[in-house]
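Worksheet for the structure shown next.
Heavy atoms only: backbone and side chains are in, while hydrogens, waters and symmetry mates are out. As the structure is a computational prediction, the values presented were derived from the model and not from experiment. By convention in this document, chain letters (A, B, ...) are assigned in the order of the sequence lines, proteins followed by strands, and residues within each chain are numbered from 1.
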Protein chains: 2
Amino acid sequence: MDFLKLEDQACFPVYALSRVLTAHYKPILEGIDLTYPQYLVMLVLWEHQQLSVKEIGEKLLLDSGTLTPLLKKLESKKLINRNRSNEDERVVMINLTAGGTALREKAKAVPESFKCSLGLSIEEMVALRDSIKIILERTKQINK
Amino acid sequence: MDFLKLEDQACFPVYALSRVLTAHYKPILEGIDLTYPQYLVMLVLWEHQQLSVKEIGEKLLLDSGTLTPLLKKLESKKLINRNRSNEDERVVMINLTAGGTALREKAKAVPESFKCSLGLSIEEMVALRDSIKIILERTKQINK
DNA sequence: TAAAATTAAATTGTATACAATTTAATTTTA
DNA sequence: TAAAATTAAATTGTATACAATTTAATTTTA
């Protein structure tokens, strides 16, 4: 096998699929005025209410260089608040505003719309998700 | 299942894995002074010698907004030439320079280095690649 | 065949990503 | 406990991505 052929690359399909999936999210997320990375931040906040920038970064594998401007954007949309922690002034805590919490109701339709847009069955998506998650966990470990 | 949990998202693991894999490529590709998207362009050119911007875009699922600056960068590194086609002046043909062709020899070590960096077996990588490629083909179709 | 439509790149503007550095705060250690 | 090391965000700079628009060339159609 010639590993310098695009056809045989393992990384390219992942890279391309990531962009294809994000493109499928785009028109759906426009309905709630979020980009895909912004949606991911909202997802983890809907789950946890309050998280530091670092904790969000750990969950999404993003650093402050990416998150700081993104969080400022969510703040300007009045979906979150950013406050320095009193216990540790280095830490910036992110909280949902009432509007941010309320957005969850609208967002509930997103996964179903996404599924329809993609045209994959639930079973296929779950299979994809689980196989990728195994690889992701493995490669995250190695990276440390 | 609550599809608004990060844990249950299908797209996030793909998005995260794509970035993890690209991060693994980074130190390896620095040895030949290429970014990952630049490496992909070189891969398709090593396979095809000459392609239009549009053809490269079709293979990599990238548009001219992404490719034009990237190709200008590869041109400034003297790896490729960009020339308007004589038959159709709208088309810009991309050719490898001697240096671009020669780089392939150095790049031959990249896939093996990548495999080692990742710590996955060939079998695991092939399985990942093939399962993702199936999904990618399906979702590309739907998008049209 | 001339106007309309289409096509290929390039450009413009916005939004990530991320390495490297900086800043300020906190923790560790000699 | 004061200096050194570490940590969390923010900042700076570079490199994608991609939608929307523009420009120039080509093709289609009335």
Exercise. Can you name the salt bridge (Lys or Arg N to Asp or Glu O under 4.0 Å) partners of A/Lys54, sequence neighbours left out?
Worked result: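 If we apply the salt bridge (Lys or Arg N to Asp or Glu O under 4.0 Å) test to A/Lys54, skipping adjacent residues, the hits are A/Glu58.
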Problem set entry | B/Glu75: partners by salt bridge (Lys or Arg N to Asp or Glu O under 4.0 Å), with sequence neighbours left out |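 B/Glu75 satisfies salt bridge (Lys or Arg N to Asp or Glu O under 4.0 Å) with B/Arg82 only.
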Problem set entry | Least distance between heavy atoms, A/Ala10 atom then B/Arg129 atom |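 Looking at all heavy atoms of both residues, the closest pair is CA-CG, 3.8 Å.
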Exercise. So where does chain B start and stop touching DNA chain D, 5' to 3', when the test is distance under 4.0 Å to a non-hydrogen atom?
Worked result: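 First-to-last contact on DNA chain D, by the 4.0 Å heavy-atom rule, is D/dA15 to D/dT26.
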For this session: For residues 19-32 of chain B, pull every pair meeting salt bridge (charged side-chain N to carboxylate O under 4.0 Å, His left out), keeping only residues two or more places apart or in separate chains.
Result: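 As it turns out, the salt bridge (charged side-chain N to carboxylate O under 4.0 Å, His left out) pairs with a partner in residues 19-32 of chain B, which skip direct neighbours, are B/Lys26-B/Glu30.
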Exercise. In terms of the nearest nucleotide of DNA chain D, which residue is placed more toward the 5' end: A/Arg19 or A/Thr68?
Worked result: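 So the residue in question is A/Thr68.
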Exercise. When the nearest nucleotide of DNA chain D is assigned to A/Lys26 and to A/Gly65 on a heavy-atom basis, which residue is associated with the more 5' position?
Worked result: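 That would be A/Gly65.
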Seminar exercise, completed: Encoded 5' to 3' (Watson-Crick or G-U under 3.5 Å; [ ] crossing; | other strand), DNA chain C becomes ||||||||||||||||||||||||||||||
For this session: Spell out, as yes or no, whether a donor-acceptor pair under 3.5 Å connects the side chain of A/Ser131 to the backbone of A/Ala127.
Result: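 Here the side-chain-to-backbone pair exists.
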Quick one: list whatever passes side chain to side chain contact (heavy atoms under 4.5 Å, CB included) with [X], sequence neighbours left out.
{"X": "B/Lys115", "result": "B/Glu112, B/Ile122, B/Met125"}
{"X": "B/Asn83", "result": "B/Asn81, B/Asn95"}
{"X": "A/Glu47", "result": "B/Lys5, B/Leu6"}

Exercise. Atom NE2 in A/His24, atom CG in A/Leu118: separation rounded to 0.5 Å?
Worked result: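 CG of A/Leu118 is found 5.0 Å from NE2 of A/His24.
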Exercise. What distance do B/Ile56 atom CD1 and B/Ile80 atom CD1 have between them, rounded to the nearest 0.5 Å?
Worked result: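 If I round to the nearest 0.5 Å, the distance is 7.0 Å.
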Exercise. Base, sugar-phosphate, or nothing: which does B/Thr66 touch, judged by heavy atoms less than 4.0 Å apart?
Worked result: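 It contacts base atoms.
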Exercise. Using a heavy-atom distance cut-off of less than 4.0 Å, which residues of residues 70-94 of chain A contact DNA chain D?
Worked result: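 Nucleic-acid contacts, sorted: A/Lys72, A/Arg82, A/Arg84, A/Arg90, A/Val91, A/Val92.
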For this session: Quick one: list whatever passes ring pair (Phe, Tyr, Trp, His ring centres under 6.0 Å) with B/Tyr15, sequence neighbours left out.
Result: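 Ring pair (Phe, Tyr, Trp, His ring centres under 6.0 Å) list for B/Tyr15, sorted by chain: A/Tyr36.
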Exercise. Apart from A/Met93 itself, what residues make up its hydrophobic cluster when side-chain heavy atoms of I, L, V, M, F, W and Y under 4.5 Å apart count as a link, directly or indirectly?
Worked result: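 A/Met93 clusters with A/Val91.
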For this session: Could you list by number each residue of residues 39-64 of chain B showing a heavy-atom separation from DNA chain C of less than 4.0 Å, or answer none if no residue does?
Result: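 Output list: B/Ser52, B/Val53, B/Lys54, B/Ser64.
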Problem set entry | Whether A/Phe114 and A/Tyr25 hold their rings parallel, tilted or perpendicular, with breakpoints at 30° and 60° |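 Parallel.
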